[in-house]
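Per chain, numbering begins at 1; letters A, B, ... match sequence-line order. These values consider heavy atoms only, across backbone and side chains, with no hydrogens, waters or symmetry-generated copies. In this text the structure is predicted, and so the values were computed from the model without any measurement.
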Amino acid sequence: MSEEINKPNNFIRNLIDADLDKGKNEGRVHTRFPPEPNGYLHIGHAKSICLNFGLARDYKGQCNLRFDDTNPQKEDEEFVDAIKEDVQWLGFDWGEQPFFASDYFDRLYDFAVQLIKQGDAYVCDLNAEETREYRGTLTEPGKNSPHRDRTVEENLVLFDGMRAGQFPDGAKLLRAKINMASPNINLRDPAIYRIRQGVIHHQTGDKWCIYPMYDYTHCLSDAIEGVTHSVCTLEFEDHRPLYNWFLETLKTEHHPQQIEFSRLNLQYAITSKRKLTQLVEQGAVDGWDDPRMSTISGMRRRGYPAASIREFCERIGVTKADNSIEMSTLESCIRDNLNENSPRAMAVLDPLKIVITNYPEGQTEDLTAPNHPQQEAMGTRNIPFGREIYIDRADFKEEANNKFKRLVKDKEVRLRNAYVIRCDDVIKNADGEIIELRCSYDDATLGAAPEGRKVKGVIHWVSAEHGVKAEVRLYDRLFNHPQPDSDKTVDDFMVHLNPDSLATRTECVLEPSLLTAEAGKVYQFEREGYFCADAKLSSESKLVFNRTITLRDTWAKIEQQS
RNA sequence: UGGGGCGUCGGCAAGUGGUAAGCCACCAGGUUUUGAUCCUGGCAUUCGUAGGUUCGAAUCCUGCCGCCCCAGCCA
């Protein structure tokens, strides 16, 4: 019973269970993840990846990574490589090698010849505009193309001529002969092959000057690979009759079942490859892997663990209903993982100097701090302590009521992993800005409660002498509208870009153990959040950290309310 | 308004005729050398809506309402 609770459960799995009960597909479950290499993968693709590879894993089947590379003008090898890296990083294995729809171009061509011979496809000379006019509208039927009744022989010659490069782009089109009056527009004699002269395909080079369309290619690729369950998003539901038409008309050996689910919509983020491309090309972000991007590579660079993205995909479920997932759902997955796995450290992002006047000048001591408060197995580390330290400006007030559990003039606070100090003096510059604090420490409070009084506040600190300088990048949501791309009151989603999505702090001071932090390894900077050294920008000579995510902050919430 | 799909708590989502799981968020307490974590408790007499069938309906039937997708030689 208790094992059942966490088992993913969704309508696709129910469907597969039913298929298995019926003995369909000889009990095989074979899925595929079919990205087009025309951009980087995003969080929405992660949902599909987890679904498809997860199905294969749980049903002891197989999931192919297949590049849907039928439109060379928009595609690039760079994207092929990035996609492979992302899928792998997410923790999935596509076996021997990735597949490419272009692997099947020869067979696809033969299938097209078969369609022509059967009288199920014809070469059409209408140009793009005429084709659109002949297609009709949503409420009016289309008209048959004047070339619809060409003979098989003529079609064969023409199609061969298309392949041989005898016609310029747009001059001819191979079309399926289905039904121009169908209420489903996808069935109004859809295009099968179009001409693309002089284009170099990233996989097949200049071998072809005609390229097959998605609807035609996808179902046949699935069939060729022996896919049993072809899972795609809802907008392809209208294409399913066409998917089935090609397979039935060509009498393929296998006939995979297309199943549609609803795509992910994440609030304050973009899950559209086209719009992510726009962000990159217009320079609104630093690139596809900008840590603010909802791309897999961006999230990786930001420090999101792969496991937390997988957990997220599990938590949101799989249905056919439109959805709008709150960012807090994703954030919860990230914090759960990071809280459990990341070692603690101390870092001061907005330094305020403190001199501990009763601490011997020139003295230094190594204090010991646990790397994780709940997990002893993570061990301890040494933190140097000295007469001069930094604390965060936000942790001091000259006056405050007792709800403020930090350092206040003439009051005490605990320095985390160290002593209790009292603030005796506040030093200001000519402009009245606080530039330094003079404090005294109680040397009986190391690892011990102070005598005769309670000190409830605890703040973090770094030794001024030993701390290392660093730049820290604080990220906020990239957009300030929950659905930036579906706001119909504006004509460009870019107006919803959050101007404060990146705040760079250049004067941060980190505890020295962080100097050798491995890029991408996430630490919790206690009381601040989770951070990792940036894989691209950080070096030992110039440390640059990304804030992966803040800690849950109920104090900020209380402050805001009052 | 032709075709396709979807409507269960603020956001997700189980539920498949036997009397509304779970998660996130939120609220109230407790522990705590991180205002973190953790722990305890609260959070849908009701399933878009109106009828009908039934001993019994979120589940079956009918009507209505709302939202999403489709007129690329993109995927």
Practice problem: Indicate, yes or no, whether a donor-acceptor pair under 3.5 Å links the base of B/U37 to the side chain of A/Arg335. | Solution: no
Self-check item: Residue A/Asn339, side-chain atoms from C-beta onward, closest of B/A75, B/C73, B/U37
Solution: B/U37
Quiz item: Under 3.5 Å, is there a donor-acceptor pair between the side chain of A/His201 and the main chain of A/Pro72?
Solution: no
Quiz item: Under 4.0 Å between a side-chain N or O of A/Lys488 and OP1 or OP2 of B/C68?
Solution: yes
Quiz prompt | side-chain N/O A/Ser332 vs B/C23 OP1/OP2, d < 4.0 Å | solution = no
Practice problem: Mind telling me whether A/Phe385 and A/Tyr441 have parallel, tilted or perpendicular rings, with 30° and 60° as the class edges? | Solution: tilted
Quiz item: How are the rings of A/Tyr214 and A/His239 set relative to one another: parallel (under 30°), tilted (30 to 60°) or perpendicular (over 60°)?
Solution: perpendicular
Quiz prompt | B/C9 versus B/G15 - spacing of their C1' atoms, nearest Å | solution = 15 Å
Quiz item: With sugar-phosphate meaning primed atoms plus P, OP1 and OP2, does A/Asn417 contact a base, only sugar-phosphate, or nothing at under 4.0 Å between heavy atoms?
Solution: base
Quiz prompt | Modelled atom types, side-chain donor and acceptor of A/Tyr530 and A/Gln524, under 3.5 Å | solution = yes
Self-check item: Nucleotide of B/C70, B/C26, B/C73 approaching A/Leu173 most closely (side-chain heavy atoms)
Solution: B/C73
Quiz item: Watson-Crick or G-U wobble partner for B/C6, using a 3.5 Å limit on both distances?
Solution: B/G66
Quiz prompt | Pairwise salt bridge (charged side-chain N to carboxylate O under 4.0 Å, His left out) hits with a residue in residues 328-345 of chain A, at least two apart | solution = A/Arg315-A/Asp336
Quiz item: Just by distance, with hydrogens left out, do A/Ser230 and A/Gln257 show a side-chain donor and acceptor under 3.5 Å apart?
Solution: no
Exercise. Indicate whether OP1 or OP2 belonging to B/G72 is found under 4.0 Å from a side-chain N or O atom of A/Arg135.
Key: yes
Exercise. Could you work out which one of B/G4, B/U33, B/G3 sits closest to the side chain of A/Glu237?
Key: B/G4
Practice problem: Assess whether one donor atom and one acceptor atom, taken from the side chain of A/Gln524 and the base of B/U34, lie less than 3.5 Å apart. | Solution: yes
Practice problem: May I ask which nucleotide in the shown strands pairs with B/C55, Watson-Crick or G-U wobble, both distances under 3.5 Å? | Solution: B/G18
Quiz item: Closest to the A/Arg416 side chain: B/U34, B/C68, B/C73?
Solution: B/U34
Quiz item: If we take the C1' atom in both B/C47 and B/A14, what is their distance in whole Å?
Solution: 13 Å
Quiz prompt | Point-to-point distance, once rounded to the nearest 0.5 Å, from CD1 of A/Ile309 to NZ of A/Lys47 | solution = 15.0 Å
Quiz item: Which nucleotide sits closest to the side chain of A/Asp553: B/A71, B/G35, B/A75?
Solution: B/G35
Quiz item: Taking only side-chain nitrogens and oxygens of A/Arg344, does any of them come within less than 4.0 Å of OP1 or OP2 of B/U34?
Solution: no
Practice problem: Would you mind pulling out the nucleotide paired to B/A44, Watson-Crick or G-U wobble, both distances under 3.5 Å? | Solution: none
Quiz item: Expressed as a whole number of Å, how far does the C1' atom of B/U1 sit from that of B/A71?
Solution: 14 Å
Exercise. Check every strand shown and say whether A/His460 touches a base, only sugar-phosphate, or nothing at a heavy-atom separation below 4.0 Å.
Key: nothing
Self-check item: Side-chain donor/acceptor of A/Arg527 to base of B/U34, under 3.5 Å
Solution: no
Quiz item: What nucleic acid atoms does A/Arg406 come within less than 4.0 Å of, heavy atoms only: base, sugar-phosphate, or nothing?
Solution: base
Quiz prompt | Side chain of A/Leu138 (C-beta onward), nearest among B/G4, B/G2, B/C73 | solution = B/G2
Quiz item: Which listed nucleotide (B/C74, B/U34, B/C69) is nearest to the side chain of A/Glu526?
Solution: B/U34
Exercise. Would you mind telling me which of B/U34, B/G4, B/C73 lies closest to the side-chain atoms of A/Pro373?
Key: B/U34
Exercise. Determine: side-chain N/O of A/Lys557 to OP1/OP2 of B/C26, distance under 4.0 Å, yes or no.
Key: yes
Practice problem: Go through B/A75, B/U1, B/G3 for me and flag the one nearest to the A/Pro183 side chain. | Solution: B/G3
Practice problem: Could you check if the base of B/G72 is syn or anti? Syn means the glycosidic torsion is within 90 degrees of 0. | Solution: syn
Quiz item: When rounded to the nearest Å, what value does the distance between C1' atoms of B/U33 and B/C23 take?
Solution: 32 Å
Practice problem: Would you mind listing every salt bridge (charged side-chain N to carboxylate O under 4.0 Å, His left out) that reaches into residues 235-246 of chain A, with sequence neighbours excluded? | Solution: A/Glu235-A/Arg263, A/Glu237-A/Arg240, A/Glu237-A/Lys320, A/Arg240-A/Glu260
Quiz item: ring-ring contact (aromatic ring centres under 6.0 Å, His included) with A/Tyr193: which of A/Tyr122, A/Tyr211, A/Phe159?
Solution: A/Phe159
Quiz item: Is A/Arg163 positioned over the aromatic face of A/Tyr109, cation under 6.0 angstrom from the ring centre and no more than 45 degrees off axis?
Solution: yes
Quiz prompt | P spacing across the pair B/G48 / B/A58, given as an integer number of angstrom | solution = 10 Å
Quiz item: Quick one: what's the B/S/- string for nucleotides 7-14 of chain B, heavy-atom cutoff under 4.0 Å, read 5' to 3'?
Solution: ---BSSSS
Quiz item: When the nearest nucleotide of RNA chain B is assigned to A/Lys172 and to A/Gly447 on a heavy-atom basis, which residue is associated with the more 5' position?
Solution: A/Gly447
Quiz prompt | Base paired to B/U31 (Watson-Crick or G-U; both N/O distances under 3.5 angstrom) | solution = none
Practice problem: Look at the side chain of A/Asp238 and decide which nucleotide, out of B/C24, B/C26, B/C70, has an atom nearest to it. | Solution: B/C70
Exercise. Specify the residue among A/Tyr419 and A/Cys124 whose closest nucleotide of RNA chain B lies further upstream toward the 5′ end.
Key: A/Tyr419
Exercise. For nucleotides B/C74 and B/U62, find the distance between their P atoms and express it as a whole number of Å.
Key: 41 Å
